[in-house]
Amino acid sequence: AQKVTQAQTEISVVEKEDVTLDCVYETRDTTYYLFWYKQPPSGELVFLIRRNSFDEQNEISGRYSWNFQKSTSSFNFTITASQVVDSAVYFCALSEADTDKLIFGTGTRLQVFP
Amino acid sequence: AAGVIQSPRHLIKEKRETATLKCYPIPRHDTVYWYQQGPGQDPQFLISFYEKMQSDKGSIPDRFSAQQFSDYHSELNMSSLELGDSALYFCASSSGQGNSGANVLTFGAGSRLTVL
């Protein structure tokens with residue numbers, strides 16, 4: 001069975017702090033894809049990143065970085081020098097190779113205070 | 001750049017009524033997905049279409065139906081509405097083939113349905 005766990009329900013930080021959002025997944029497939037989406041207060045879902053199961057290389061995009069570790073089934077997301085505009089709910093999601101279905105975690109609400 | 005367009009953005013209905021949500025995908029995207037997000041919940045996959053055929057099916061109630069038309073827009077029809085159907089309904093589109101977990105979905109802004 002596939003499952004995505006985001007144990008942190010809510011995180012509050014002060015601007016310029018670094019913050020890491022945890023994501024642990026479960027799947028029996030050897031080919032799968034992991035995603036992060038951002039849902040700001042306006043409600044839309046914004047794609048941030050996709051990784052496939054064969055590519056464990058970590059990725060950095062500006063203040064965002066992702067750490068994918070198959071050994072621990074984790075795909076964690078770090079925001080460096082957080083800003084108020086980073087305040088949102090962040091969803092980690094999993095899909096397997098032959099399906100359209102994205103399985104979302106329960107989300108982590110990040111609040112960045114000035 | 002054109003995004004996924006959903007209409008209406010807000011809809012209020014009474015119990016047992018019918019509602020129809022529309023979705024216009026990004027041009028040249030041939031796969032459309034529907035998700036339901038209840039208050040404080042994560043989005044749940046309902047159904048998807050690739051080239052006007054149902055591609056995959058999730059936890060869509062029997063009271064709901066959907067289809068993709070020749071111009072690739074999609075409609076989600078919901079009948080005999082219940083209070084529990086109150087949610088944010090997202091449509092997403094991708095340019096990838098159906099039934100592929102690799103597809104990157106671009107989501108619309110959502111249609112908020114309130115059932116009274």
Side-chain angles (χ1 to χ4, degrees), chain A residues 1-10 21 23-55 59 61 66 75 88-109, chain B residues 1 3-6 9-10 23 26 29-51 53-60 66 68 74 87-113:
Chain A
Q2 317 97 343
K3 187 178 178 183
V4 176
T5 301
Q6 294 179 256
Q8 305 149 307
T9 305
E10 190 161 339
L21 309 182
C23 173
V24 173
Y25 63 91
E26 294 176 33
T27 178
R28 291 179 184 163
D29 274 21
T30 54
T31 302
Y32 53 89
Y33 302 86
L34 296 165
F35 301 79
W36 276 94
Y37 279 86
K38 173 182 179 180
Q39 188 172 39
S42 49
E44 72 274 25
L45 283 165
V46 179
F47 166 76
L48 295 178
I49 190 171
R50 177 193 68 189
R51 304 299 282 174
N52 74 56
S53 53
F54 300 107
D55 183 3
E59 183 157 338
S61 176
W66 291 270
F75 186 42
V89 178
Y90 291 86
F91 288 99
C92 181
L94 163 75
S95 67
E96 294 174 343
D98 300 322
T99 176
D100 284 338
K101 183 178 179 181
L102 257 183
I103 297 162
F104 286 85
T106 49
T108 297
R109 180 177 300 279
Chain B
V4 177
I5 306 297
Q6 291 189 244
R9 292 293 311 279
H10 301 272
C23 170
I26 290 173
H29 278 196
D30 44 21
T31 307
V32 170
Y33 314 75
W34 286 97
Y35 281 78
Q36 177 192 58
Q37 186 179 27
Q41 305 291 314
D42 51 291
Q44 296 289 319
F45 173 69
L46 294 178
I47 197 166
S48 59
F49 293 87
Y50 169 65
E51 285 291 343
M53 299 287 288
Q54 182 180 308
S55 175
D56 204 350
K57 192 173 179 181
S59 48
I60 184 168
Q68 186 180 30
S74 178
L88 188 56
Y89 289 83
F90 285 107
C91 175
S93 70
S94 76
S95 58
Q97 193 170 333
N99 269 327
S100 171
N103 291 341
V104 173
L105 276 59
T106 301
F107 283 84
S111 293
R112 185 170 298 280
L113 171 67

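In this text the structure is predicted, and so the values were computed from the model without any measurement. Residue numbers start from 1 in every chain, and the chains themselves are labelled A, B, ... in the order their sequence lines are given, proteins ahead of strands.
- In this structure the side chain of B/Y35 never reaches within 4.5 angstrom of the side chain of A/L45, judged on heavy atoms.
- Considering all non-hydrogen atoms of both residues, A/F104 and B/P43 come closest at CD1-O, 3.4 Å.
- Residue B/Q37 touches chain A through its side chain alone, counting heavy-atom pairs closer than 4.5 Å.
- For the atom pair NZ (B/K57) and OG1 (A/T99), the distance works out to 14.0 Å, reported to the nearest 0.5 Å.
- With a threshold of 4.5 angstrom between heavy atoms, A/Q6 does not approach chain B through any atom at all.
- Taken to the nearest 0.5 Å, the CD atom of A/E44 stands 12.5 Å off from the OG1 atom of B/T106.
- Contacts between B/L105 and chain A at a heavy-atom distance below 4.5 Å involve backbone atoms as well as side-chain atoms.
- B/R112 CZ: 12 or fewer foreign heavy atoms inside a 6.0 Å radius.
- Nearest approach of B/Q41 to A/F91, heavy atoms of both residues: O-CZ, 4.1 Å.
- When the candidates A/Y32, A/F35, A/Y37 are compared by the number of heavy-atom contacts under 4.5 Å with chain B, A/Y37 comes out ahead.
- In this structure, A/K101 and B/D56 approach most closely via the heavy-atom pair N-OD2, 3.7 Å.
- Of the candidates A/T106, A/V4, A/V89, A/T106 is the only one forming a side-chain contact (heavy atoms from CB on, under 4.5 Å) with B/D42.
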